[in-house]
Asks: 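I have a structure I would like to understand better, so I am pasting it below and will then ask my questions one at a time.
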Amino acid sequence: GLAARVQQLTKTYGAGEGAVRALDGVTVGIRRGEFTAIMGPSGSGKSTLMHIFAGLDAPTAGHVWIGDTEITGLSDLELTVLRRRRVGFVFQAFNLVPTLDVMGNILLPFDLDGRQPTVLERSRIDGLIASLGLGDRLRHRPHELSGGQQQRVAIARALATAPDLVFADEPTGNLDSRTSREVLALLRAASAEHGQSIAMVTHDPIAASHADRVLFLGDGRIVADKPRQSAEQIS
Ligand code: ADP
Ligand code: ADP
C-alpha cells in the first residue's frame, strides 16, 4: 500500500515573468515501510516536494494524500493534528527551539500533542539518544552544540513518536561518515523493523545506497525511479 502520494503536483513560486515552477506535474507514491531516497541537482524541487508531502506547504495545483486522507482539502487545524500524529520531519535548518535543551527538543512532539511519552516510547527515546550519542548533551541548548549534534537532535525528535511517515531533508549533511552510517542504520531500521515510511533527500550516493528506492528529480519532474542497486547493498 501507499503511505502517501501526490498526483499531478505543480508548485509555482511568484507570479508573472519572475515565476519559478519548482514542481511540474509530479505523480508519485511513498510505499509503506519503504526507505526512499530523493536525489537530483540543486533547485530541482526536492525540498519543495518533501514540504508538500508533509503538509508544510500547499501545492499550486494537484492532490496530496497521507494514507487515505486527502490533505489538500483539510483545514489548518485538521492538517496540524494529522501532521503531529503521523508525520516526522527533519529540516535542513534543524528548526530546534533555542530556549529548550536537547531533551526538551526531543520531547517537543509530545508536548505539542499535550501528552507524556508512554513507558514504551520513553524506552525508544532512550535508545535513540544512545545510538545518536546524545546522552551527555541532554541538558545543553542548541547553541551549545555542534552542527552535527544539532542535526542528531533533529533526527531524534523526528523519530521520537515513531510516526508512520518520516521526511528528512539532507539528514546526514553535517555528519561525519561514522555518524552518517549510524543515522542511516536508524532510518533503515525504522522502515525495515517498524514499518515506517522514510523519505530522505540526499546529495550523497553512499547515503542513497542505504535506501530501498531512489527517486531522481530534474527540473521539477521525476526523471527516474529505481530500486536500490544490489551491488551497493550494505551488509
Ligand atoms: P532543491 O531542494 O532540489 O534544491 P527546491 O525545492 O528548494 O529545490 O527549489 C526548487 C525551485 O524553487 C528552485 O528554483 C528554487 O529557487 C525555487 N524556490 C524554492 N523555494 C522558494 C521560495 N520560497 N520562493 C521562491 N522560489 C523558491
Ligand atoms: P562535531 O564533530 O560533532 O561537528 P565539533 O567539533 O563542532 O563537533 O564540536 C566539538 C565539541 O564542542 C562538541 O562536543 C560540542 O558539544 C562542543 N561545542 C561545539 N560548539 C559549541 C558551542 N558553541 N558552545 C559550546 N560547546 C560547543
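Only this structure's heavy atoms are used, side chains among them; waters, hydrogens and symmetry mates stay out. For ligands, and for the atoms within them, numbers begin at 1 and follow the listed sequence.
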Asks: Below 4.0 angstrom, counting only protein heavy atoms, does anything approach atom 16 (O) of ligand 1?
Replies: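 Given the 4.0 Å limit, the answer for atom 16 (O) of ligand 1 is no, no protein heavy atom qualifies.
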
Asks: Please list the nearest protein heavy atom to atom 3 (O) of ligand 1 with its residue and the distance rounded to 0.1 Å.
Replies: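 Among all protein heavy atoms, the one nearest atom 3 (O) of ligand 1 is Lys46 NZ, 2.8 Å.
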
Asks: Considering only heavy atoms, which of Ala22, Gly43, Gly14, Ser44 lies nearest to atom 12 (O) of ligand 1?
Replies: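 Checking each option, the heavy atom nearest atom 12 (O) of ligand 1 is found in Ala22.
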
Asks: Please list, in number order, the atoms of ligand 1 under 4.0 Å from a heavy atom of Pro41.
Replies: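 Atoms satisfying the 4.0 Å criterion: 3 (O).
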
Asks: Taking only non-hydrogen atoms of Gly40, do any sit less than 4.0 angstrom from ligand 1?
Replies: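 No; Gly40 lies far enough from ligand 1 that no heavy-atom distance drops under 4.0 Å.
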
Asks: Just to confirm my output: which protein heavy-atom neighbour is closest to atom 27 (C) of ligand 1, and how far is it?
Replies: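 Among all protein heavy atoms, the one nearest atom 27 (C) of ligand 1 is Tyr13 CD1, 3.2 Å.
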
Asks: Check each atom of ligand 1 against the heavy atoms of Ser42 and keep those under 4.0 Å away; list them by number with element.
Replies: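 That gives atoms 4 (O) of ligand 1.
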
Asks: Compare all side-chain heavy atoms of Ile206 with those of Thr172 and state whether any distance is below 4.5 angstrom.
Replies: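 Heavy-atom side-chain distance check fails, nothing below 4.5 Å.
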
Asks: Could you tell me which non-hydrogen atom of Ala3 sits nearest to which non-hydrogen atom of Ser197, and how far apart they are?
Replies: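 Taking Ala3 first and Ser197 second, the nearest heavy atoms are CB-OG, 3.2 Å.
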
Asks: For Arg213, does the CZ atom sit with more than 12 other heavy atoms under 6.0 Å from it, leaving out its own atoms?
Replies: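 Above 12, so yes.
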
Asks: Hey, is CG on Leu112 packed in by over 12 heavy atoms from elsewhere, all under 6.0 Å?
Replies: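 Result for CG/Leu112: enclosed.
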
Asks: Nearest protein heavy atom to atom 8 (O) of ligand 1, by residue and atom, and its distance?
Replies: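 Going by distance alone, atom 8 (O) of ligand 1 is nearest to Gly45 N, 3.1 Å.
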
Asks: What do you reckon, are the aromatic ring centroids of Phe167 and His51 less than 6.0 Å apart?
Replies: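 Phe167 vs His51: aromatic centres not under 6.0 Å.
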
Asks: Passes side-chain contact (heavy atoms from CB on, under 4.5 Å), Arg152 versus Leu145? Steps please.
Replies: CA-CA 10 Å; Arg152 284 177 268 151; Leu145 303 173; over 6 Å; no

Asks: Distance alone, cut at 3.5 Å: any donor-acceptor contact between the side chains of Glu70 and His63?
Replies: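 Yes, His63 and Glu70 have a side-chain donor paired with an acceptor closer than 3.5 Å.
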
Asks: May I ask you to check whether over 12 heavy atoms, not counting those of Asp76, lie within 6.0 Å of atom CG?
Replies: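 Counting other residues, nucleotides and ligands, CG of Asp76 stays at 12 neighbours or fewer.
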
Asks: Which of the atoms of ligand 1 are close to Thr48, meaning less than 4.0 Å from one of its heavy atoms?
Replies: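 By the 4.0 Å cutoff, the relevant atoms are 5 (P), 6 (O), 9 (O).
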
Asks: How far is atom 7 (O) of ligand 1 from its nearest protein heavy atom, and which residue and atom name does that atom have?
Replies: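 Going atom by atom, the protein heavy atom closest to atom 7 (O) of ligand 1 ends up being Ser47 CB, 3.8 Å.
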
Asks: Select one of side chain, backbone, both or neither to describe which atoms of Val20 lie under 4.0 Å from any atom of ligand 1, heavy atoms only.
Replies: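 Side chain only.
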
